[in-house]
Amino acid sequence: MSAAPIFRRVALIGFGLIGGSIARAARAEGLASEIVTTARSEKTRARVVELNIVDRVLETNAEAVKDADLVILCIPVGACGAVAQEIAPHLKAGAIVSDVGSVKGAIIREMAPHLPDSVHFVPAHPVAGTEHSGPDSGFAELFINRWCILTPPEGTDPMAVEALRAFWAAMGAKVETMTPDHHDLVLAITSHLPHLIAYTIVGTADELAQVTSSEVIKFSAGGFRDFTRIAASDPTMWRDVFLNNKEAVLEMLGTFNEDLSKLTRAIRRGDGEALFDHFTRTRAIRRGIVEIGQDSAAPDFGRPHPPLKKAE
Ligand code: NAP
C-alpha cells in the first residue's frame, strides 16, 4: 500500500474492465480515501455492490461526481461527450477530470467544450486490456508495466498532470505524455489496425464457403486462434475506436494495403528472397518487443496451459 492517498475522493463513471481494474488497483494501493462509482445499468450497479470493491455505488453520474477530486470516465469513447455535458454542472472546482478512451483527439473535441474552466481536464489512455468486459472482468494487476499515455491539452495545470501521473504510476503503469494527434497515430498502427485485421480475418474465414465453420474452429491453432482472441474484443468499444480515429486509421490502412500488395506480388512471382527478407525483418521486431519487456519470450506468449480435454 502507498504511504498516503493521492486523492480524497475518486469517482469512476462506468465499471467494466477498465473502471473495475482501476477500482481494484486504487483500493489495493490505498490511492484514494474514498472510491465511488456508477454505471449506466441497474444490473451493473447491483453487481458492483455485490463485489464490494468500492465505498459507494451511486445511481446517477451527477451524484457520483459530487465532491470528487478525480473523476474518470471509464465508458466507450462515443459516450464521453454526452456524459461530460451531463456531469459539468456538478463538478467540484479544482477537480481533475480524466478518461481512459482508446482515442484521444475525438475525446478532447467531444468533452472539452462542456467542461467548466474551474476543473482540470487531463485525458488518459491506459494501453492495457483484455478481450473481456463487464464488472467481473477487471483485476488489480492489469496496469503493471503497461503504458498509460496522458494527453493534456496545451495550458493544463502541470500540478494536475503530475497528480494523475502519480495515480497511474502507483497502479504500476509507466506513464508518458504526448499530444493527442501523436497518440492517435501511434495507436492506429500498434492497436487499431491489428484489431481491424483480426476482425477481417476472422470474418473472412467465417464466410468462406469451402471451409466450413467447424473446420475453422477445429484447425484454429494454426495462427488463426490468436486472431480470434483479438476479434472477440468488445464490439461497442471497437466500433467507437474506428468511428473516432478515422483519419489516422485510414492513413495506416493505406500504407498497410501497399505493403500487402508488395507481399502479394512476391507470392505471385515466387520471389522467395523478398518474402524471406520481409519475414526476417518482422522477426527482429518481435525480438525487440521482448527485449524491452513488453512481452514474454516463452512460446505462446507464456500462456499457462491447463491439461486439454482428450478427444472422445
Ligand atoms: P466495458 O467493460 O464494456 O465497460 C464499459 C462501461 O461503460 C460499463 O460500465 C457500461 O455500463 C458503461 N457504458 C456503456 N455504454 C455507455 C453509455 N452509452 N453511457 C454511459 N455508460 C456506458 O468497457 P472497457 O473495456 O472497460 O472500456 C471502457 C473504455 O476503456 C473505452 O473507452 C475503451 O476505449 C477504453 N479502453 C479499453 C481497453 C480494453 O482493452 N478493453 C483498453 C484501454 C482502454 P453498463 O455495464 O451498465 O452497460
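Just so it is clear, the structure is predicted and the values come from calculations on it, not from any experiment. Read the numbers this way: they start at 1 and go in the same order the structure lists the ligands and their atoms.
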Subject >> Working for salt bridge (Lys or Arg N to Asp or Glu O under 4.0 Å), residues Asp181 and Lys104 >> reply: CA-CA 7 Å; Asp181 286 353; Lys104 299 275 55 104; over 6 Å; no

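- Salt bridge annotation for Asp55-Arg9: absent, with no cationic side-chain nitrogen under 4.0 angstrom from a carboxylate oxygen.
- The shortest contact between atom 27 (O) of ligand 1 and any protein heavy atom is with Ile18 CG1, 4.1 Å.
- Some N or O of Phe15 is nearer than 3.5 Å to an N or O of ligand 1, by distance alone.
- Distances between N or O atoms of Gly101 and those of ligand 1 include no value under 3.5 Å.
- Looking only at heavy atoms of the protein, atom 40 (O) of ligand 1 is closest to Gly129 CA, 3.2 Å.
- With respect to atom 25 (O) of ligand 1, the closest heavy atom belonging to the protein is Leu17 CB, 3.7 Å.
- Under a 4.0 Å N-O distance rule, the pair Asp271/Arg265 does not qualify as a salt bridge.
- The aromatic rings of His195 and Trp238 lie parallel to each other, with less than 30° between the two planes, well short of the 60° mark.
- Counting heavy atoms from C-beta outward, Phe167 and Ile96 have side chains that stay 4.5 Å or more apart.
- For the atom pair OG1 (Thr130) and CG (Leu17), the distance works out to 4.5 Å, reported to the nearest 0.5 Å.
- Atoms CD and OG1, on Glu154 and Thr179 in that order, are 10.0 Å from each other to the nearest 0.5 Å.
- Residue Ser41 has at least one nitrogen or oxygen atom sitting less than 3.5 Å from a nitrogen or oxygen atom of ligand 1, judged on distance alone.
- The protein non-hydrogen atom at the shortest distance from atom 13 (N) of ligand 1 is Pro76 CD, 3.6 Å.
- The heavy atom nearest to atom 33 (C) of ligand 1, considering only Cys148, Ser102, Pro135, is found in Ser102.
- Between Val241 and ligand 1, no N or O atom pair is found at a separation short of 3.5 Å.
- The shortest contact between atom 18 (N) of ligand 1 and any protein heavy atom is with Ala79 CB, 3.5 Å.
- Distances from atom 5 (C) of ligand 1 to the heavy atoms of Ser133, Gly14, Cys74 put Cys74 nearest.
- We find the NZ-CD1 distance between Lys262 and Ile267 to be 14.0 Å, quoted to the nearest 0.5 Å.
- Under the 4.0 angstrom criterion, atom 37 (C) of ligand 1 counts as having a protein heavy-atom contact.
- At a heavy-atom distance under 4.0 Å, only side-chain atoms of Thr44, from C-beta outward, approach ligand 1.
- Residue-level proximity to ligand 1 for His125 is carried by the side chain, the only part with a heavy atom below 4.0 angstrom.
- For the residues Arg40, His195, Lys43, the heavy atom positioned nearest atom 15 (N) of ligand 1 is part of Arg40.
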**OP:** Could you walk me through whether Thr264 and Ser261 pass the side chain to side chain donor-acceptor pair (under 3.5 Å) test, one step at a time?
**Re:** CA-CA 5 Å; Thr264 309; Ser261 299; 5.5 Å; no

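- Judged by the shortest distance from any of its heavy atoms, Ala128 lies inside the 4.0 Å radius around the atoms of ligand 1.
- Shortest contact from atom 43 (C) of ligand 1 to any protein heavy atom: Pro126 O, 3.1 Å.
- The existence of a salt bridge linking Asp69 and Arg8 is confirmed by a sub-4.0 Å separation between a basic side-chain nitrogen and an acidic carboxylate oxygen.
- If you check each of Ile75, Val100, Ile107 against atom 32 (O) of ligand 1, the one with the closest non-hydrogen atom is Ile75.
- Neither the backbone nor the side chain of Val103 comes within 4.0 Å of ligand 1, counting heavy atoms alone.
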Subject >> Check against side chain to side chain donor-acceptor pair (under 3.5 Å), Glu63 and Thr60 >> reply: CA-CA 5 Å; Glu63 287 172 273; Thr60 65; 2.9 Å; yes

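- Only side-chain heavy atoms of Met237 come within less than 4.0 Å of ligand 1; its backbone N, CA, C and O stay farther off.
- Side-chain atoms of Pro126 and Trp168, non-hydrogen and from C-beta on, do get closer than 4.5 Å to each other.
- Protein heavy atom nearest atom 4 (O) of ligand 1, with residue, atom name and distance: Gly16 CA, 3.2 Å.
- Of the possible polar contacts, one joining the Ser21 side chain to the Phe139 backbone as a donor-acceptor pair under 3.5 Å is found.
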